Protein chains: 2
Amino acid sequence: MNPQGLIDRLTEALGPSSVLTGERLQLRQTQDWSGAQAAQPQALLLPRDTAEVAVALRICHEHGCPVAVQGGLTGLAGGANPMEGEIALSLARLDRIEDVDAVAGTAIVQAGVTLERLQQHCVELGWAFPLDLGARGSCQLGGNAATNAGGSRVLRYGMMRNLVLGLEVVMPDGNVLTMLDRVIKNNAGFDLKHLFIGSEGTLGVITRLSLALVPRQNQQCTALCGVPDFDAALGLLRHAKASLQGLSAFEVMWNSYFDASLRAHGKSAPLADPYPVYVLVESVSGDGANADQAMEAFLEKAIEEAFVADAVLAQTGAQQEELWSIREGVSELLALAKPCAAFDVSVAITRMDEMVQRLEETLRSAYPQQQHLFFGHLGDGNLHLISGPYPDPADLEHAEELVYSCVGAFEGSISAEHGIGVVKRDFMHHSRGAAEIELMRKLKSLLDPKGILNPGRVFNTPHEQLPAL
Amino acid sequence: MNPQGLIDRLTEALGPSSVLTGERLQLRQTQDWSGAQAAQPQALLLPRDTAEVAVALRICHEHGCPVAVQGGLTGLAGGANPMEGEIALSLARLDRIEDVDAVAGTAIVQAGVTLERLQQHCVELGWAFPLDLGARGSCQLGGNAATNAGGSRVLRYGMMRNLVLGLEVVMPDGNVLTMLDRVIKNNAGFDLKHLFIGSEGTLGVITRLSLALVPRQNQQCTALCGVPDFDAALGLLRHAKASLQGLSAFEVMWNSYFDASLRAHGKSAPLADPYPVYVLVESVSGDGANADQAMEAFLEKAIEEAFVADAVLAQTGAQQEELWSIREGVSELLALAKPCAAFDVSVAITRMDEMVQRLEETLRSAYPQQQHLFFGHLGDGNLHLISGPYPDPADLEHAEELVYSCVGAFEGSISAEHGIGVVKRDFMHHSRGAAEIELMRKLKSLLDPKGILNPGRVFNTPHEQLPAL
């Protein structure tokens, strides 16, 4: 197979402005936020619509050339990073919000629309698209679906999977699968869209999405609670679920993370005394409700029940942001601990405390000089851990093995929301049994028999037909 | 293949009390609620646990004998009805609620536990399992997952799919796939459980489920609204979504249905004047909130905005049941219209009114003597229609074709929540494209290459290896 023949065919089909090679390619970003290894792709394709994506894939398929599918490149698992000999296919130009049904609260968008743009567009129409994560300004909705993105409002609105009503997908051979339902209920046969959601671009390329919107909530209440211990945090969570109808976030920070975040941002503590655990509670509501009153009643009872020792309730939007910045200031902490390991695991919340203790002991005894900072979305059983710095890559790898085997022993998931990509591929057996992985492989072979879509992501797929370079 | 050899092997493996044939078989119910054609199965298997299900399937698989998987037999699509030569496999004895985590709000149950039993069990622990449907006393959780059951609280809690955290599934060859996650977030590779949810027992037999619970809501408010037209009902829905935080049901009834239901139950009209459309609104809340006050404010504004002309708010539990009985009295109406066609379709809610008008015109002109009663879960875009009586089966079939082709023209689904089974199999092309159906078939072949599990359900699967009788 002659790679130049491939590039020529792609250029002929898409036009020269949509097939970047050489210098034009070098000016473009083609790596994700993971810092994982990446190669220069043979070319970067910038198709303009579904038909061009289909043509591009058909040609690559005929040439047996592997394709790295790229959204907003904000992934943390290296899944979008091109490997040697791959063509990169970007969805960036499929950036139209095609239709918003402001009566029903649904939207049809192209895959390259950024999360933030849809959020803003909906607000103007009295609706909201409730998925939210730090990368909102760059991440794209197609990528959000391909990776089943989570974020800090999962507790209320679910993962991206729950917000997708339908998909349009281009299969590896260029055939288009149109499943753009606009209703939540469709039990006419298997619900195929779920195959593609969360499969990290290995089974098909998402080109359009039908999404569910929620009514815009104008009021937002944020409180930071100092909590005596983890059991109290669990009691507080149950209390919040039962009595805060608009509960939208329940974020936990162990004191090591909390203190490090304050230090990194040069801020003073918002509560007078230190506590072993901190919880950030957020609740939203519409016009009718009195959100502050509900939150105050919630906090009062929480103090009465000794779930909370002290709390501060944000009085202004600026104060809300201030409180959230302690939780969201992860990038600064990552920078300080570099090179570090950033974990995103999940476990049944009743076992989380025990697992954190075990992880802390294990890491501290193996790596006493490093920081090990714990925080997460407690409401979802999702724990994050920043551990580092590890100047020696072997140590970093060893720390990963320590953490993932511990998570496996607690029957947790080694990837709650970030996905597997390439960086967690070799640890998957800690979370998934051999029969599950075998079935995943079979599905991959069924939908992508030539193995051209994101090969080597999620699990090793033997790819024998790399074009000779 | 000798069928007696098969029965002997099954009896040896499971014990004679778990393999019913002959007279013992005739005493058992083996048909579902659909009234669709059914044959006497070769035997009814009543395994006691996952291991016995696995053994039974392994033996049937070796003999190439087709298996009809049976839950609570409340399905309306004929999927559980045995076909000639099949073995029926009932999950009824897998009826243990194995574990409820009352801190995290999750449960592990066996597939044969009835919906109502789990509901009651959870309430005692301060939690609720929020799926709810008329068949709650008989339907089983495994069947609820296999058919992705809906019901009247989907608006708030989603379909069964949204409540399933994990599954244990026995594959057609007897291998067991264990995916009993207890957290909402697990992005470690493909989320395989979604393959089995809603696939109507054609890909594997669900034996255990991990389920998400929600905090018990003590207060419930129910109002019946007389609505001037369908546009007002859409305005009311948006108003309800935005201002009723506990909105849990939004049921629409066209006046033909409403009047027929009152007549069938011998009840007087709860509102003084008649209206073209009626909406039943329900909202739930926990201890803290004042649900009545919120509902009153909601109704006041709805009348102000002319979404509602008149309304009645139930003051007691008995009054709530009274209002719900108008909506839920479907079985009486079905009985009166027999033999009738009962439809369960969905369409984007902004197109629902036009579709109802088109359906009504079409049916009325073809079948002026019959009743055509429309109602549904408006919040979900889910429309139900009872049409009949059709003494001549050819007329009934023709009415089905009229309805489903119209639904297809409106890009709706021919099955919102009841599934395809056998009764809608020949109409699937109205809702799913050829590429989708082709991929469904490929998945069936991949997971069940011998085609022994519920063959002929969802779509025709050629089954050449029926045992000689």
Side-chain angles (χ1 to χ4, degrees), chain A residues 101 103-104 148 150 154 158-159 162 175 177-179 182-192 194 198-199 215 234 238 241-243 245-246 285-289 294 297 346-350 380-382 413-420 428 431-433 435-436 439-440 442-443 446 458, chain B residues 101 103-104 147-148 150 154 159 162 175 177-179 182-192 194 198-199 215 234 238 241-243 245-246 285-289 294 297 346-350 380-382 413-420 428 431-433 435-436 439-440 442-443 446 458:
Chain A
D101 181 338
V103 174
N148 188 28
V154 171
M159 309 276 287
N162 293 66
N175 284 320
L177 209 55
T178 306
M179 316 167 280
R182 299 199 80 157
V183 286
I184 191 181
K185 283 180 168 177
N186 187 351
N187 274 347
F190 308 167
D191 197 342
L192 298 171
H194 291 290
S199 64
L234 289 181
R238 187 169 173 177
K241 280 186 172 179
S243 60
Q245 283 217 308
S285 60
D287 290 325
S346 67
V347 70
I349 61 171
T350 25
D380 314 320
N382 187 179
S413 168
I414 63 155
S415 179
E417 55 184 15
H418 295 171
I420 296 295
M428 192 135 88
S431 284
R432 301 288 196 190
E436 287 173 278
L439 180 50
M440 292 182 205
K442 282 186 182 169
L443 289 167
L446 180 74
V458 184
Chain B
D101 181 337
V103 174
T147 59
N148 188 28
V154 171
M159 310 275 286
N162 293 65
N175 283 320
L177 210 55
T178 306
M179 317 167 280
R182 300 201 77 158
V183 287
I184 190 179
K185 285 180 166 176
N186 187 352
N187 273 346
F190 308 167
D191 197 343
L192 298 172
H194 291 290
S199 64
L234 289 180
R238 186 167 174 178
K241 280 185 173 181
S243 61
Q245 282 218 309
S285 59
D287 291 323
S346 66
V347 69
I349 62 171
T350 25
D380 314 321
N382 186 178
S413 168
I414 63 154
S415 178
E417 53 183 17
H418 294 171
I420 296 297
M428 192 135 89
S431 283
R432 301 288 195 189
E436 286 173 280
L439 181 50
M440 291 181 207
K442 282 186 182 170
L443 288 168
L446 181 74
V458 183

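Because only heavy atoms are used, hydrogens play no part in the values below, and waters and symmetry mates are left out as well, while side chains stay in. Just so we're on the same page: letters track the sequence lines, and every chain starts at 1. Note that the structure is a prediction, hence the values are computed from the model and not measured.
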Could you check which of [options] has the highest count of heavy-atom pairs closer than 4.5 Å to chain B?
{"options": "Val347(A), Asn382(A), Leu234(A)", "answer": "Asn382(A)"}
{"options": "Arg182(A), Met179(A), His418(A)", "answer": "Met179(A)"}
{"options": "Gly381(A), Gly419(A), Ala416(A)", "answer": "Ala416(A)"}
{"options": "Asp101(A), Val458(A), Asn175(A)", "answer": "Asp101(A)"}
{"options": "Ala294(A), Gly150(A), Gly246(A)", "answer": "Gly246(A)"}
{"options": "Ile349(A), Asp380(A), Leu439(A)", "answer": "Asp380(A)"}

Measure the shortest side-chain to side-chain distance between [X] and [Y] over non-hydrogen atoms and say whether it is less than 4.5 angstrom.
{"X": "Leu177(B)", "Y": "Glu436(A)", "answer": "yes"}
{"X": "Leu192(A)", "Y": "Leu443(B)", "answer": "yes"}
{"X": "Ser285(A)", "Y": "Gln245(B)", "answer": "yes"}

- Message: Checking the side chain of Asp191(B) only, and the main-chain atoms of His194(A) only, is there a donor and an acceptor separated by less than 3.5 Å?
- Response: no
- Can you name the residues that form a side chain to side chain contact (heavy atoms under 4.5 Å, CB included) with Ile420(A), not counting sequence neighbours? Glu200(A), Ile414(A), Ser415(A), Lys424(A), Arg425(A), Met428(A), Ala188(B)
- Query: Does Asn162(A) have any side chain to side chain contact (heavy atoms under 4.5 Å, CB included) partners at least two apart in sequence or in another chain, and if so, which?
  - Reply: Met159(A), Asn162(B)
- Side chain from CB out, backbone as N, CA, C, O: work out which of these in Ala435(B) comes under 4.5 Å of a heavy atom of chain A, or both, or neither. both
- So which part of Ala104(B) gets closer than 4.5 Å to some heavy atom of chain A, the side chain, the backbone, both or neither? both
- Item | Euclidean distance, Leu446(B) CG relative to Lys442(A) NZ, rounded to 0.5 Å | 6.0 Å
- Would you name the heavy atoms of Arg432(A) and Phe190(B) that are closest together and state the gap between them? NH2-O, 3.8 Å
- Item | Partner chain A: residue of Gly433(B), Gly198(B), Ser431(B), Ser413(B) with the largest heavy-atom pair count (under 4.5 Å) | Ser413(B)
- Message: At a 4.5 Å cut-off on heavy atoms, which part of Ser199(A) comes close to chain B: side chain, backbone, both, or neither?
- Response: both
- Check each atom of Asn186(A) against the heavy atoms of chain B and say whether the ones under 4.5 Å are side chain, backbone, both or neither. both
